[in-house]
Structures are given as C-alpha cells and as structure tokens.
Protein chains: 2
Amino acid sequence: MLTIWLNYMVKSKKNIPAEQKILEAAKQVFFDKGMHGARMQDIADKAGINKAMLHYYFRSKEKLFETIFMDAIEHLFPKLNSILGSDKTAFEKIEMICVAYINQLQQVPYLPLFILSEANRQETFLKKLWANQKPPLKAFSDMIEKAIQQKQVKQINPLQLLMNILSLCIFPFAAKPLLQQVAGISKKDYAALIEERKKIVPQLIIQSIKK
Amino acid sequence: MLTIWLNYMVKSKKNIPAEQKILEAAKQVFFDKGMHGARMQDIADKAGINKAMLHYYFRSKEKLFETIFMDAIEHLFPKLNSILGSDKTAFEKIEMICVAYINQLQQVPYLPLFILSEANRQETFLKKLWANQKPPLKAFSDMIEKAIQQKQVKQINPLQLLMNILSLCIFPFAAKPLLQQVAGISKKDYAALIEERKKIVPQLIIQSIKK
DNA sequence: GTCTATACGCAGATAGAC
DNA sequence: GTCTATCTGCGTATAGAC
C-alpha cells in the first residue's frame with residue numbers, strides 16, 4: 001500500500017481520485033516504457049489530467065517513479081509469508097509458492113521485466129526497500145534445511161532451489177515477447193503455455209528434491 | 001559479426017580502429033543504460049573520440065543502437081546449431097546446451113536483461129532479425145519428438161522443455177543484482193552459485209524428462 | 001576523417017492566473 | 001486544486017572549418 005495515499009486520505013478525501021488516476025496511469029506507462037522511456041506527458045494524457053498536476057502531487061518524475069517502483073516491488077514477494085507460515089508440508093508449500101507466483105504474475109505480467117531492469121539500474125532503491133521489508137528468505141531456507149534433516153528432501157543448497165523456482169516461474173513472463181516470436185505462437189497460445197506451467201513447474205521442482 | 005565492419009574493411013583499413021572503439025563503447029553504455037538511458041556523449045567519451053564522430057559513422061543514435069542490438073541478439077543462440085547437429089544422444093545434447101548457455105552468459109552477463117528489455121520495447125527489431133537467422137527451434141523440437149518416439153524421454157511439450165532450460169540458464173543472470181541483494185551475498189559467491197549451476201541445471205532437466 | 005561551434009526540439013519543471 | 005503559458009537544460013543532430 002502506498003503510504004502517500006494514506007497521508008492524503010487524512011488531509012483531504014477529494015484528492016484521492018486525481019492521485020489514484022495519476023498513479024494508475026504512471027504505472028502503466030512506467031511498466032511499458034521504463035523510467036527513461038516514460039514521458040510525463042503520456043502519463044498526464046493517460047490520467048486525463050494536466051501535466052502540471054503531476055508535479056503538483058509528486059514533485060518530480062524521479063519521485064513519481066520511485067513511488068511506483070516501491071509499490072511494485074512489494075508485490076514481488078506476495079503471500080509468500082503466509083504460505084511459509086502455514087502448517088502444510090514442505091512439498092505442499094513449494095507447490096503453493098509456485099502456483100501463487102504464476103497466478104500473481106498473470107495479473108501483472110509486465111512486472112518482472114520492469115523490476116529486473118530498474119533493479120539493475122538502481123541498486124539504491126533495492127537497498128531502501130529491504131530496510132522496510134525483507135523478503136522471507138530465511139523462512140524459506142529454514143523450511144528446506146528442516147526438511148533435509150528430516151530426510152524428506154535431498155541435500156541441496158536452498159539458494160539454488162529458490163533460484164530454480166524463481167527462474168521457472170518468472171522468466172517466461174520476462175521473456176514473453178521474445179519467446180512468443182521465436183515460437184511463432186499467438187498471445188492466446190502463450191497464455192495457455194503459462195497456464196500449463198502451474199502443473200509442470202511444481203512437479204519439476206518437487207521431483208528434483210524428493211528423496 | 002557486424003557486416004558493417006566488413007564493408008569498412010574493404011573500403012579503408014584505417015577506419016577500423018575508430019569504429020571498433022565506438023562499437024565497443026556503445027555496447028558498454030547501451031548494455032548498462034538501455035536505449036533511452038544511454039547518452040551519445042557517454043559513448044563518445046568512453047570511445048575517446050568526438051561526439052560528432054558517432055554521427056559520422058552511424059547516422060543516428062537509433063541506427064547505432066540497432067547495430068549493437070542486432071549483433072548482441074545473435075549471441076543469444078550461440079553454438080546451438082552445432083550442438084544440435086552433432087551425433088550425440090538427446091541427453092548429451094541437452095546437457096551441452098545448458099553448459100554452453102551458462103558458459104557464454106558468464107562472458108556477457110549483461111546481455112540477457114538488455115535483450116529482454118529491448119525485445120519488449122521494440123518487437124520490430126526481432127522481426128527484422130528473424131528474417132536473417134531463425135533460432136534453431138525446429139531442430140530442437142525434432143530432437144525431442146524423436147526421443148519421445150524412441151521411448152527415451154517422457155511425453156512432454158518441447159516448448160515447455162525449452163522454456164525450462166532457458167529459464168534456468170538465463171534468469172539467474174538477468175536477476176543477478178536483485179538476487180544478490182536478497183541473498184545478501186558477495187559478487188564472488190554469486191559467481192560460485194552460477195558455476196555450480198552448470199551441474200545442477202542439466203541434472204534437473206534430464207531427470208525431469210528421463211523415462 | 002576529425003574537430004568546434006551551434007542549431008533545434010523535446011521533456012521536465014515552474015510561474016502565476018483563476 | 002487546476003489550468004495555460006513559459007522557462008530551462010539537455011541531448012541529438014548538423015554546419016562548416018581544418
């Protein structure tokens with residue numbers, strides 16, 4: 001949730017719609033074009049308001065971008081915490097994580113590439129973000145280590161396992177335009193492939209660690 | 001290989017150094033900042049030549065970028081053809097493909113994100129490129145289909161298999177800054193993880209398709 | 001081929017009326 | 001809060017001397 005919204009909600013309820021419109025428009029344009037490619041004019045047009053308004057609400061393009069970016073990256077680690085904290089088995093949790101990831105990315109398919117690109121450009125933002133909210137890496141590692149000790153899963157580096165999961169879930173979204181072109185398939189067919197992966201990926205992952 | 005080099009080599013050998021310097025500098029800057037983020041001045045500075053020279057050799061920023069991009073994307077599908085065309089078994093070929101990919105990306109770790117980003121922005125370039133050189137998707141599919149018929153591998157969609165391979169090989173490079181930050185590990189440790197994946201990835205893939 | 005100086009347009013940002 | 005008009009700087013691109 002964007003804390004700035006809360007501020008304005010307290011100050012004046014009337015400001016919410018305009019600001020929401022701006023944020024929604026900015027999201028679309030930034031996700032599509034990236035920080036540098038995006039134009040304030042495009043955002044204003046898409047929001048149906050004046051360009052000057054953007055500067056009224058968010059002092060600068062940089063600030064507006066940072067707001068969007070921070071909000072977006074928080075969606076990278078969605079309900080992982082709740083899944084990890086549940087009382088399911090390790091295998092069930094892993095499957096749920098994969099499916100949750102793919103499900104969420106289907107809603108926001110442009111997120112991965114956006115975040116990867118900007119994370120690459122500006123490590124600063126990442127550091128700022130971790131200060132607030134660390135991704136639940138520890139909980140994940142602990143789960144795996146525990147399952148290893150209980151002889152349920154093979155000896156494996158949790159980081160490698162995490163990398164495998166993230167790769168298999170996220171990459172197909174980041175590489176969509178490229179892969180779709182290479183395979184020469186329609187948008188719809190590609191979506192079907194993704195849908196299919198909700199079964200394939202967990203299978204693949206679990207099979208690889210099961211003892 | 002950049003065909004433009006060849007042209008100049010024929011016309012005048014003296015021009016090669018300046019042009020090489022430009023291309024080398026442009027590569028670095030474009031890979032780092034992307035098309036929009038890159039500045040012609042930065043490229044000129046890095047090349048140790050004048051900004052006007054860039055326009056002398058490559059009429060516009062767009063043209064210079066396209067040159068770099070086209071050259072870069074050709075490295076995406078490296079010696080796949082020679083591997084696929086060899087007389088190894090399907091399993092051996094798959095392992096070789098994984099290792100070849102990771103090996104090559106270790107040389108040019110910035111390539112994946114660059115290509116994914118720009119492919120996302122400009123499908124035009126991709127279409128132009130495929131006109132020249134299609135990636136060996138058909139050869140790959142045929143190999144898998146054949147192995148399926150011979151009961152060596154499970155029934156599986158070759159596209160999904162390819163997606164898995166590419167995901168596991170490429171994503172860790174595209175997500176390096178992010179993952180390194182999340183895991184809180186050094187550049188060196190991350191490199192070690194990647195190195196380890198030359199064993200892990202083929203294992204994982206082959207295990208998943210072996211009957 | 002290589003340089004300096006400069007033109008030109010665009011995009012971010014502000015001033016100020018309403 | 002919202003608008004129009006305007007400033008400013010930067011980045012691409014060109015002109016033209018050497």
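Throughout, protein chains are lettered first and strands after them, A, B, ... in sequence-line order, and every chain is numbered starting at 1.
OP1 or OP2 of C:dA13 sits under 4.0 Å from a side-chain N or O of A:H55. Using a 4.0 Å cut-off, some side-chain N or O of A:Y57 falls inside it from OP1 or OP2 of D:dT2.
Sorted by first and then second residue, the salt bridge (Lys or Arg N to Asp or Glu O under 4.0 Å) pairs involving residues 163-192 of chain A (not counting sequence neighbours) form an empty list. Evaluation of the salt bridge (Lys or Arg N to Asp or Glu O under 4.0 Å) test over residues 159-168 of chain B, restricted to residues two or more places apart or in two chains, returns none. Every pair passing salt bridge (Lys or Arg N to Asp or Glu O under 4.0 Å) that includes a residue from residues 102-126 of chain B is listed here, sequence neighbours excluded: B:E118-B:R121. Contacts classified as salt bridge (Lys or Arg N to Asp or Glu O under 4.0 Å) and involving residues 198-209 of chain B (residues at least two apart or in different chains) are given here: B:E195-B:K198.
Whole-Å rounding puts the B:F30 CZ to D:dG11 P distance at 14 Å. Atom NZ in A:K33 sits about 15 Å away from atom P in C:dC10, given to the nearest Å. At whole-Å resolution of the value, CZ in A:F58 and P in C:dG12 are 15 Å apart. Put simply, OH on A:Y56 is 17 Å from C1' on D:dT4, counting in whole angstrom units. In this structure, B:K61 atom NZ and C:dG9 atom C1' are separated by 14 Å, rounded to whole Å. To the nearest angstrom, C1' of C:dT2 lies 11 Å from NZ of B:K21. Following rounding to the nearest Å, A:L54 (CG) and C:dA13 (P) show an atom-to-atom distance of 10 Å.
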Below 3.5 Å is the cut-off: list the nitrogen or oxygen pairs between protein and nucleotides 7-9 of chain D, distance only.
none

Atom pairs under 3.5 Å: protein N/O with N/O of nucleotides 3-5 of chain C:
residue, atom, partner, partner atom, Å
C:dT4, OP2, B:N50, ND2, 3.1

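Take B:K138 and apply the salt bridge (Lys or Arg N to Asp or Glu O under 4.0 Å) test, not counting sequence neighbours, and it matches B:D142. Remark: A:N157 pairs with no residue by the side-chain hydrogen bond (donor to acceptor under 3.5 Å, both in side chains) rule, at least two apart or across chains. Partners of B:S117 by side-chain hydrogen bond (donor to acceptor under 3.5 Å, both in side chains), not counting sequence neighbours, listed by chain and number: A:S117. A:Q122 meets the side-chain hydrogen bond (donor to acceptor under 3.5 Å, both in side chains) test with A:T124; sequence neighbours excluded. For B:K128, the side-chain hydrogen bond (donor to acceptor under 3.5 Å, both in side chains) partners two or more places apart in sequence, or in a different chain, are B:E66.
A distance of 10.0 Å separates OH in A:Y101 from CD1 in A:I83, rounded to the nearest 0.5 Å.
Ring geometry for A:F65 versus A:F125: interplanar angle of 30 to 60°, hence tilted.
Less than 4.0 Å separates DNA chain D from no heavy atom of any residue of residues 36-47 of chain A.
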